[in-house]
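Taking it in order: structure first as structure tokens, then the write-up.
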Amino acid sequence: TAVLNKKVAVTGIGGKNKTNDARIKLIDLLKTMKMNVLDYSIGFQVNNEAWIDNKVSLSNEQLNELNIFIKKLETFIND
């Protein structure tokens with residue numbers, strides 16, 4: 001099929017659980033579809049202001065985590 005062994009990664013941003021449940025279920029679904037899923041997933045909690053003004057702000061810690069994710073994704077894609 002068109003998705004067989006396609007490389008995919010999962011991230012999320014949402015409420016307090018940082019989309020953890022949704023990410024787990026999505027990863028399970030993608031693996032069931034025989035896709036090649038990056039074994040590293042991240043999620044962030046939306047800053048409260050974003051619910052009002054639609055502007056997401058990430059802390060330095062979150063930006064560092066996102067950079068780690070990007071490096072892992074680049075390696076994953078290039079392997």
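The structure presented is a predicted model; accordingly, all values stated were derived computationally and were not measured. Numbering starts at 1 and runs along the sequence shown.
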Return all side-chain donor-acceptor pairs below 3.5 angstrom for residues 27-45, not counting sequence neighbours, or 'none' if the list is empty.
residue	atom	partner	partner atom	Å
T32	OG1	D28	O	2.9
S41	OG	V10	O	3.0
S41	OG	R23	NH1	2.8

> So if you build clusters from Ile, Leu, Val, Met, Phe, Trp, Tyr with side-chain heavy-atom gaps below 4.5 Å, do V56 and I70 land together?
Replying inline: yes
> For the hydrophobic clusters of this structure (ILVMFWY residues joined by side-chain heavy atoms under 4.5 Å, transitively), does one cluster hold both I77 and V8?
Replying inline: no
>> Is it the case that atom CG in D53 sees more than 12 heavy atoms from other parts of the structure closer than 6.0 Å?
In response: yes
> Under the 4.5 Å side-chain heavy-atom rule for ILVMFWY, direct or indirect, which residues accompany I52?
Replying inline: none
>> Other members of the hydrophobic cluster containing L4, with the 4.5 Å side-chain heavy-atom rule, please.
In response: none
> Has the side chain of K55 got a donor or acceptor atom that lies under 3.5 Å from a matching backbone atom of E49?
Replying inline: no
> How far apart are the closest heavy atoms of W51 and G15, and which atoms are they?
Replying inline: CZ2-N, 4.5 Å
>> Tell me the closest heavy-atom pair linking T19 and N17, and the distance in Å.
In response: N-OD1, 2.9 Å
> Quick one: side chain to side chain contact (heavy atoms under 4.5 Å, CB included) partners of A22, sequence neighbours excluded?
Replying inline: none
> So how far is it from D79 CG to K7 NZ, rounded to the nearest 0.5 Å?
Replying inline: 5.5 Å
>> By the side-chain hydrogen bond (donor to acceptor under 3.5 Å, both in side chains) test, which pairs, at least two apart or in different chains, include something from residues 64-75?
In response: none
>> Just to verify, what does N20 make a side chain to side chain donor-acceptor pair (under 3.5 Å) with, not counting sequence neighbours?
In response: none
